[in-house]
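Single-structure report; data block below.
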Amino acid sequence: MFKSNVILAHASRLSASAIAGLLVLCAGSAHAETLRLAHASSSKSLIQEAVVMFADTLAKETKDGLTVQIFPDGQLGDEGPIADGVGSGSIDIGLGGVADAIDPKLNVVTLPFLFSDAKAAHAFLDGPVGKKVFDTGADNGFKMLGALDSGFRQFATVSTSIATPADMKGLKLRTPPNPVILATIEQLGALPQSLPFGEVYTSLQSHVVDGVEPEIRDFADQKWYESAKFLSVSNYIWTPNYWFMNKERFDSLSPENQAAVLKAVDATTAWYRGRLDDVYAKVIEDLKSKGVTVTTVDAGPFRSMVDPVYEKFGAEWGADFVSSVRKAAAGQ
């Protein structure tokens with residue numbers, strides 16, 4: 001879909017001559033710099049399309065002065081190790097939903113039922129409170145570039161649909177290592193199992209877990225539906241794909257290149273948001289065609305149970321901080 005100004009990191013699949021060709025392309029400008037970007041999403045995902053667009057836009061803006069080497073599919077590790085790598089400087093740019101290495105308070109945007117829909121999430125991120133939340137991490141070596149939707153999370157199980165909180169009682173559900181998600185799943189009566197992204201498929205297949213609480217694009221891309229045939233759409237938590245850069249590396253760029261990075265991020269974010277509705281509609285139809293039972297749950301009974309999660313993280317991060325985020329997320 002996009003012009004190929006990007007170095008895709010699949011060196012293991014390339015011949016020596018192809019690798020040499022890539023190196024020649026990289027050397028096209030005597031002053032060219034290469035940024036290493038890593039994410040754990042599929043190389044066939046919308047996230048991958050977005051970072052390819054980012055790379056091409058950045059190359060155009062800088063007249064090939066900045067190129068981007070992309071490592072998809074968790075090639076440089078799961079989301080936690082990617083954040084650690086960006087913090088240490090071994091990776092220049094990362095995307096992922098694990099924020100503890102950056103600042104645990106970033107997880108405030110993942111509080112349960114915080115946003116009514118994606119439009120509300122975007123309005124929050126672009127507003128003053130959202131910008132204040134994301135203007136963090138600098139003290140820990142990160143430059144926050146923004147966030148692409150990881151999207152609303154749902155419930156998917158191997159044996160039966162989840163329709164009420166009672167259906168969750170005692171179920172072992174895989175979650176990412178996000179403290180808010182772990183606390184929420186526990187509050188709803190299930191048993192959260194924090195497993196690496198790359199282990200989910202086999203864990204479902206072997207019944208190590210009873211289900212997952214996935215974002216549906218990951219659910220489809222990773223073929224988790226082959227074992228978990230029941231998808232209950234609850235929109236219980238919205239999660240971002242945090243987009244961040246090693247601050248020292250960002251600061252080392254010329255002012256012109258810094259501006260080009262931010263401009264490319266903004267253009268990519270706008271494009272990505274515009275694609276979401278169509279992508280989700282297509283994914284749902286594809287899942288149904290593959291035999292997945294898709295139902296929409298009444299979120300009210302679930303929402304009524306989650307105030308203790310807000311109290312828990314209000315005590316940890318500051319009640320005023322959590323309250324201000326909750327009000328801004330509701331458009332107040």
Side-chain angles (χ1 to χ4, degrees), residues 2-9 22 25-39 41 47-72 76 79 82-99 101-103 105-106 109 122 124-150 240-274:
F2 302 111
K3 176 183 173 185
S4 182
N5 283 320
V6 184
I7 307 165
L8 290 177
L22 287 177
L25 287 174
C26 292
S29 168
H31 302 291
E33 297 182 70
T34 297
L35 301 174
R36 289 160 53 89
L37 182 155
H39 65 84
S41 296
I47 288 291
Q48 174 70 2
E49 289 187 49
V51 296
V52 170
M53 180 184 181
F54 165 74
D56 284 340
T57 303
L58 186 58
K60 181 179 179 181
E61 287 290 329
T62 62
K63 297 181 171 58
D64 293 324
L66 280 178
T67 59
V68 179
Q69 186 177 18
I70 299 172
F71 296 85
L76 299 186
E79 294 180 339
I82 287 173
D84 291 337
V86 172
S88 69
S90 63
I91 302 170
D92 297 310
I93 302 174
L95 292 96
V98 178
I102 305 170
D103 190 319
K105 284 187 176 181
L106 283 170
V109 299
H122 300 158
F124 173 84
L125 294 176
D126 296 341
V129 178
K131 289 183 181 298
K132 185 176 180 180
V133 169
F134 275 77
D135 186 20
T136 185
D139 291 342
N140 295 324
F142 294 85
K143 166 68 177 178
M144 295 304 296
L145 300 176
L148 298 179
D149 294 56
S150 186
N241 225 308
Y242 304 102
W243 197 348
F244 45 89
M245 186 169 180
N246 178 275
K247 187 176 185 302
E248 186 174 337
R249 184 72 174 97
F250 181 84
D251 291 344
S252 74
L253 299 176
S254 68
E256 294 78 12
N257 282 349
Q258 289 180 8
V261 168
L262 298 178
K263 184 176 180 180
V265 166
D266 287 345
T268 302
T269 301
W271 172 87
Y272 182 92
R273 290 177 178 177

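From a predicted model like this one, the values you see are computed outputs, not experimental measurements.
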Report summary line: Rounded to the nearest 0.5 angstrom, the CZ-CD distance for Phe71 and Gln69 is 3.5 Å

**Report entry** Validation row: Trp243, Ile93 side chains within 4.5 angstrom (heavy atoms)
**Finding:** yes

**Report entry** pair Met245-Met144: side-chain heavy atoms closer than 4.5 Å
**Finding:** no

Query raised in the report: Thinking salt bridges, do Arg249 and Asp92 make one under a 4.0 Å N-O criterion?
Result: yes

Requested in this report: Any chance you could measure Glu248, atom CD, to Asp251, atom CG, to the nearest 0.5 Å?
Outcome: 8.0 Å

Query raised in the report: Can the positive tip of Lys247 be found less than 6.0 Å from the middle of the six-membered ring of Phe142, inside 45° of the ring normal?
Result: no

**Report entry** Leu106 vs Thr136 side-chain heavy atoms within contact, under 4.5 Å
**Finding:** yes

Query raised in the report: Looking at CG of Leu95 and CD of Glu79, how far apart are the two atoms once the value is rounded to the nearest 0.5 Å?
Result: 9.0 Å

Query raised in the report: Any Lys/Arg nitrogen of Asp56 or Lys60 sitting under 4.0 Å from an Asp/Glu carboxylate oxygen of the other?
Result: no

Report task. Taking all heavy atoms of Thr269 and all of Ala147, pick out the closest pair and write down the distance. Result -> CG2-O, 4.2 Å

Report summary line: Rounded to the nearest 0.5 Å, the NZ atom of Lys143 sits from the CG atom of Asn246 at a distance of 12.5 Å

Query raised in the report: Are the side chain of Glu61 and the backbone N or O of Ala260 linked by a donor-acceptor pair below 3.5 Å?
Result: no

Query raised in the report: Heavy-atom distance under 4.5 Å between the side chains of Leu58 and Val261, does that happen here?
Result: yes

Report task. Examine distances only and state if a side-chain atom of Asp149 and a backbone atom of Pro240 form a donor-acceptor pair shorter than 3.5 Å. Result -> no

Report task. With the side chain counted from C-beta on, respond yes when Leu35 and Thr67 share a heavy-atom pair under 4.5 Å apart, and no when they do not. Result -> no

Query raised in the report: When rounded to the nearest 0.5 angstrom, what distance separates CG in Leu37 from CD1 in Ile82?
Result: 8.5 Å

Query raised in the report: Is a side-chain donor or acceptor of Arg36 paired with a backbone partner of Ser90 at a separation under 3.5 angstrom?
Result: yes

Query raised in the report: Taking the inter-plane angle between the rings of Tyr242 and Phe134 on a 0 to 90° scale, is it parallel (under 30°), tilted (30 to 60°) or perpendicular (over 60°)?
Result: tilted

Report task. Enumerate the residue pairs fulfilling salt bridge (Lys or Arg N to Asp or Glu O under 4.0 Å) with a member in residues 126-135, sequence neighbours excluded, ordered by first and then second residue. Result -> Asp126-Arg273

